[in-house]
Asker: 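Questions regarding the structure given below will be posed in turn.
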Amino acid sequence: MLATWATSLQSLSLPHSRLSPVPSSPSSQLDSLNLTTHRRSFPGVSTRLMTSSDEKHRIERIASSIRVIPNFPKPGIMFQDITTLLLDPNAFGDTVELFVERYRDQRISVVAGVEARGFIFGPPIALAIGAKFVPLRKPKKLPGEVISEEYSLEYGTDKIEMHVGAVQPNDRAIVIDDLIATGGTLCAAVKLLERVGAVVVECACVIELPELNGREKLGGIPLFVLINRA
Ligand SMILES: O=P(O)(O)OC[C@H]1O[C@H](OP(=O)(O)OP(=O)(O)O)[C@H](O)[C@@H]1O
Ligand SMILES: Nc1ncnc2[nH]cnc12
């Protein structure tokens, strides 16, 4: 099987201090079945309680929906193509739902999505957990005043930018992208948020390429992923 599912998903209790544990008592489980005002439902995302076999099934469905294209965009790269995941409403809905289950009770006020593919997963998660969505964009795309962070690519450098005023000191943020490879992009995203005083609770991706050790670049910020790909 190409996919493995992250051990952190087997239990939704979290191993680090920035994220408070997901409630597990019978009463809080009942609470989690009730839609509150900030937990609006939307197509494909339910609020039922999940068992670990449900989670495994959903993650396998997500993993099998992601197409791998060898040698794109250059020789030697196994490109993880999430556009095929988007063609499958069940897999897309499951993906969003797994993130919503993890973050809905964590008092997250900002979901920051990295251009371009973080713009696909971030907004439905933000809507479902009642947080604002903040786009982190490639240079010269945002019209207002911005702050920028440069980061290294395999060859050369790139930059991402965020609007001044979009995030306030003491906002509690998560950063969403489709994939972490070397970690340079997420590291720059974390720096942007921390520069304006936000607490970055966690970074979250659909896919991790663990051989590239990207999570080590995150300076202690936890990383949550659904799928590891060799
Ligand atoms: O961990 P890293 O080595 O930084 O790489 C991960 C980034 O690479 C891809 O985006 P890309 O830069 O290809 O931009 P795109 O989404 O606009 O195609 C991916 O969507 C991540 O954002
Ligand atoms: N292998 C890969 N597939 C998709 N996006 C990527 N970004 C960096 N490496 C990637």
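Just follow the structure's listing: the first ligand is 1, and inside any ligand the first atom is 1.
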Asker: Got a list of side-chain donor-acceptor pairs under 3.5 Å for residues 133-145, not counting sequence neighbours?
Answerer:
from	atom 1	to	atom 2	distance (Å)
R137	NE	E115	OE1	2.9
R137	NH2	E115	OE2	2.9

Asker: Taking the side chain as everything from C-beta on, heavy atoms only, tell me whether Q168 gets closer than 4.5 Å to V196.
Answerer: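 When only atoms from C-beta onward are counted, V196 and Q168 do not touch, as no gap falls below 4.5 Å.
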
Asker: So, do C203 and V190 sit near enough that their side-chain heavy atoms are less than 4.5 Å apart?
Answerer: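 They are in contact (side-chain heavy atoms under 4.5 Å apart), so the answer is yes.
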
Asker: Between L193 and A112, which heavy-atom pair has the shortest distance, and what is it?
Answerer: CD1-CB, 4.0 Å

Asker: List the protein residues in contact with ligand 1, where contact means a heavy-atom separation under 4.0 angstrom.
Answerer: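 Close residues (ligand 1, cut-off 4.0 Å): E115, A116, R117, K138, D177, D178, L179, I180, A181, T182, G183, G184, T185.
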
Asker: Pairs of nitrogen or oxygen atoms, one from ligand 2 and one from the protein, closer than 3.5 Å: please tabulate them with distances.
Answerer:
from	atom 1	to	atom 2	distance (Å)
ligand 2	1 (N)	M78	O	3.0
ligand 2	3 (N)	Q80	N	2.9
ligand 2	5 (N)	R117	NH1	3.1

Asker: For N90 and R61, which heavy atoms make the closest approach, and how far apart are they?
Answerer: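 The answer is CB-CZ, 3.7 Å.
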
Asker: Once side-chain contact (heavy atoms from CB on, under 4.5 Å) is applied, do any residues pair with D178, and if so which ones, sequence neighbours excluded?
Answerer: I82, R117, F121

Asker: For R104 and I129, work out which heavy atoms get closest and say how close.
Answerer: CA-CG2, 3.7 Å

Asker: Hey, are the side chains of D158 and E150 touching, using non-hydrogen atoms and a 4.5 Å cut-off?
Answerer: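 D158 does not reach E150 side chain to side chain.
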
Asker: Quick check for you: to the nearest 0.5 Å, what is the distance between T185 atom OG1 and I180 atom CD1?
Answerer: 8.5 Å

